There are 2 protein chains.
Amino acid sequence: MSTISTKDKRLKHKEDLRKKILEVAKALFLKHGYDAVSIRKIAEKIAISPTTIYLYYKDKGDVIYALHQEGFKMLSAQFVVLASVEEPFERLKAMGRSYIRFALENPDFYELMFIMRDPINFIDKDCSKEWEEGGQAFESLLNTVEDCKSHGYFSQIDLHHMALYIWSTIHGMCSLKLQGHLDHVVKTNFPEAEKDLTLEGAFDTLVLILKSLK
Amino acid sequence: MSTISTKDKRLKHKEDLRKKILEVAKALFLKHGYDAVSIRKIAEKIAISPTTIYLYYKDKGDVIYALHQEGFKMLSAQFVVLASVEEPFERLKAMGRSYIRFALENPDFYELMFIMRDPINFIDKDCSKEWEEGGQAFESLLNTVEDCKSHGYFSQIDLHHMALYIWSTIHGMCSLKLQGHLDHVVKTNFPEAEKDLTLEGAFDTLVLILKSLK
DNA sequence: CAAATATAATTAACACTGTTAATATTTAAA
DNA sequence: TTTAAATATTAACAGTGTTAATTATATTTG
């Protein structure tokens, strides 16, 4: 009886420490960016030896990948509430705005999820995981585009091509913005009257174009 | 008399070493990727002390930025030859294909130029340089889009918004491809019949949409 | 309960990284 | 030839991820 309870305690402690490591990694990540997530810094903040972390995560890529997953859960949560929007084109617009807001409010997470190569390398290396979270987000987009098609939108373009096209455009805008390229181009190549261009403004151009594809 | 010639020799040697450092950095970069470009590895291959490099480049960011500039010169060179294409929409398509080809053939350079944050940080830090190369490439796009507009294309969309839109879309496609996201999505979310999607195929969707905006 | 065995955590070490200060060497000027 | 300037080097600092060997802590068995 007591053997089981102590065993459970041990297991719980293991789980807790695993969580704690991730929690500290996330805090460092949010406060000081990607570079601050070093095994030694995590260990110091949690008052354990750096090598202990390797008993809970295979390597640094494993820790980073766990954060990567957290990001996808956050984004998915934002998408779920949009399922209530009935009109498909309105839902598509809402998804776009939601995606952009996520990128602007969580630039570090966005970088980890869609720009950095490390986490996707970790997935490819460890083929066991099928990485549902990623596929699920794109599935949401596919469904919405399909609904748009059944309402007369994008009739001359293939469903999967269209979904990929929309994602590419919005991701392109977000990544150019987050890496500072957008601001740079606006500063040096845009006329005075248009220097106040925002990401949302760029998105409006996409909406205008998509609307014309009815 | 001899003083001048030896002075010149010294200057030339300085220039040569500066070039040599960049040359070795580029070779390492192309052969083993970004991570291989370490000050120590460059120095070893060139048989000088690592610290000597700091007499020729301010820091590693400076070396990386020099490579970054080389990349923009390569891309610009590709764009120049396209100026001969008379019909503006044809020229726009050619530019797009050229851009995509550059990304696929020089993925490391593309990453350095449009994905990594380090080089643009270096520019922002050292405000003296106005970074002509970058602005020039976007200027080419602006000119072509303007020509398209005068031929009846994109009439309902602002010139600068349109140019940015096109760049965002193509950059989005390229960066998703290079970071492995595109292949991943195609593998897990595309039907069997469309699993052979290429970057050029995705580009065709953009062309189809742009054509419909006449 | 004590000894043997798993489990967990630690220390020490390796091979790297960018970068700076102090020192030595080479070249040009007085 | 001595002095001054430019150039290059060594040594060192403060980090990084990661592994092997070792110690400490529980758990199970005799």
Side-chain angles (χ1 to χ4, degrees), chain A residues 1-22 24-25 28-29 32-67 116-119 121-122 125-126, chain B residues 1-22 24-25 28-29 32-67 116-119 121-122 125-126:
Chain A
M1 174 197 147
S2 96
T3 58
I4 294 173
S5 96
T6 51
K7 204 177 189 177
D8 286 356
K9 245 186 203 168
R10 278 175 69 79
L11 281 173
K12 194 185 176 304
H13 174 254
K14 277 206 77 169
E15 249 177 62
D16 285 351
L17 192 44
R18 226 189 112 90
K19 268 188 200 167
K20 182 75 185 169
I21 290 167
L22 199 63
V24 170
L28 283 170
F29 177 70
H32 303 106
Y34 179 85
D35 290 342
V37 184
S38 91
I39 298 293
R40 282 179 170 85
K41 277 180 191 163
I42 298 171
E44 193 190 20
K45 218 165 184 83
I46 210 176
I48 57 173
S49 171
T51 52
T52 302
I53 292 174
Y54 287 87
L55 302 172
Y56 294 83
Y57 292 91
K58 177 164 144 279
D59 55 18
K60 193 189 169 179
D62 200 355
V63 179
I64 292 300
Y65 175 71
L67 283 181
M116 289 193 169
R117 197 195 249 109
D118 305 33
N121 276 356
F122 188 81
K125 218 166 55 179
D126 191 26
Chain B
M1 175 199 142
S2 95
T3 58
I4 294 174
S5 96
T6 51
K7 204 175 188 177
D8 285 357
K9 246 186 203 167
R10 278 174 71 80
L11 281 173
K12 192 184 178 303
H13 173 254
K14 275 207 79 168
E15 249 177 61
D16 284 352
L17 191 44
R18 227 188 110 90
K19 268 187 200 167
K20 183 74 185 170
I21 290 168
L22 199 64
V24 170
L28 282 171
F29 177 69
H32 302 106
Y34 180 83
D35 290 341
V37 184
S38 90
I39 298 293
R40 281 179 170 85
K41 277 181 191 162
I42 298 171
E44 193 190 20
K45 217 166 184 82
I46 211 176
I48 58 172
S49 169
T51 52
T52 301
I53 291 174
Y54 286 86
L55 301 173
Y56 294 84
Y57 291 91
K58 176 164 145 280
D59 55 18
K60 193 189 169 179
D62 201 356
V63 179
I64 290 302
Y65 175 72
L67 283 181
M116 289 193 171
R117 198 196 249 108
D118 305 34
N121 276 356
F122 187 81
K125 218 165 56 179
D126 192 25

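The structure presented is a predicted model; accordingly, all values stated were derived computationally and were not measured. Letters A, B, ... are given to chains in the order of the sequence lines, protein chains preceding strands, and every chain is numbered from 1. Side-chain atoms are counted along with the backbone in the values below, which use heavy atoms only and exclude waters and symmetry mates.
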Record whether the side chain of A/Arg40 comes under 3.5 Å of the base of D/dG17 through a donor-acceptor pair of N or O atoms.
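Such a pair is found, so the answer is yes.
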Please report, rounded to the nearest Å, how far the [atom2] atom of [N] is from the [atom1] atom of [X].
X        : N      : atom1 : atom2 : answer
B/Ile21  : D/dA8  : CD1   : C1'   : 12 Å
A/Lys60  : C/dT17 : NZ    : C1'   : 13 Å
B/Asp62  : C/dG18 : CG    : P     : 14 Å
B/Ile39  : C/dT20 : CD1   : P     : 11 Å
B/Ile53  : D/dT10 : CD1   : P     : 14 Å
B/Asp35  : C/dT17 : CG    : P     : 10 Å
A/Tyr56  : D/dT18 : OH    : C1'   : 18 Å
B/Phe122 : C/dG18 : CZ    : C1'   : 14 Å

Quick one: does any side-chain atom of B/Arg40 pair with a main-chain N or O of B/Pro50 as donor and acceptor, under 3.5 Å?
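Not at all, since once roles are kept as given, no pair shorter than 3.5 Å links the two residues.
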Do A/Tyr57 side-chain atoms and A/Arg18 backbone N/O form a donor-acceptor pair below 3.5 Å?
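Judged by distance alone, yes, a pair lies under 3.5 Å.
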Please report the C-alpha distance between B/Thr52 and B/Ile21 in whole Å, then the side-chain angles of each, then the deciding distance to 0.1 Å, and finally whether the side-chain contact (heavy atoms from CB on, under 4.5 Å) criterion is met.
CA-CA 10 Å; B/Thr52 301; B/Ile21 290 168; 6.0 Å; no
For a quick test of reading the model: is some side-chain N or O of A/Tyr54 closer than 4.0 Å to OP1 or OP2 of C/dA8?
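For C/dA8, neither OP1 nor OP2 has a side-chain N or O of A/Tyr54 closer than 4.0 Å.
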So, OP1 or OP2 of C/dA8: does either fall under 4.0 Å of a side-chain N or O from A/Lys14?
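For C/dA8, OP1 or OP2 has a side-chain N or O of A/Lys14 closer than 4.0 Å.
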Does B/Phe29 have B/Lys41 sitting over its ring (NZ/CZ under 6.0 Å from centre, angle to axis within 45°)?
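So B/Lys41 doesn't make the cation-pi contact.
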Apply the test side-chain contact (heavy atoms from CB on, under 4.5 Å) to residues B/Asp118 and B/Tyr34: give CA-CA distance (whole Å), side-chain angles for both, the deciding distance (0.1 Å), then the verdict.
CA-CA 12 Å; B/Asp118 305 34; B/Tyr34 180 83; 3.2 Å; yes
Heavy-atom side-chain contact between B/Phe122 and B/Lys58 under 4.5 Å:
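Yes; the side chains approach each other to less than 4.5 Å.
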Report which part of the nucleic acid [X] touches: base, sugar-phosphate, or nothing (heavy-atom distance under 4.0 Å, all strands).
X       : result
B/Val37 : sugar-phosphate
A/Lys58 : nothing
A/Tyr57 : nothing

Side chain of A/Leu55 (C-beta onward), nearest among D/dT18, C/dA9, C/dG18
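My answer, after comparing the listed nucleotides, is C/dA9.
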Between residues 44-52 of chain A and DNA chain D, which residues have a heavy-atom gap below 4.0 Å?
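Going residue by residue through residues 44-52 of chain A, the ones with a heavy atom under 4.0 Å of DNA chain D turn out to be A/Thr51.
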Please determine whether the number of non-hydrogen atoms from other residues, nucleotides or ligands lying under 6.0 Å from atom NZ of A/Lys19 exceeds 12.
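No, not enclosed.
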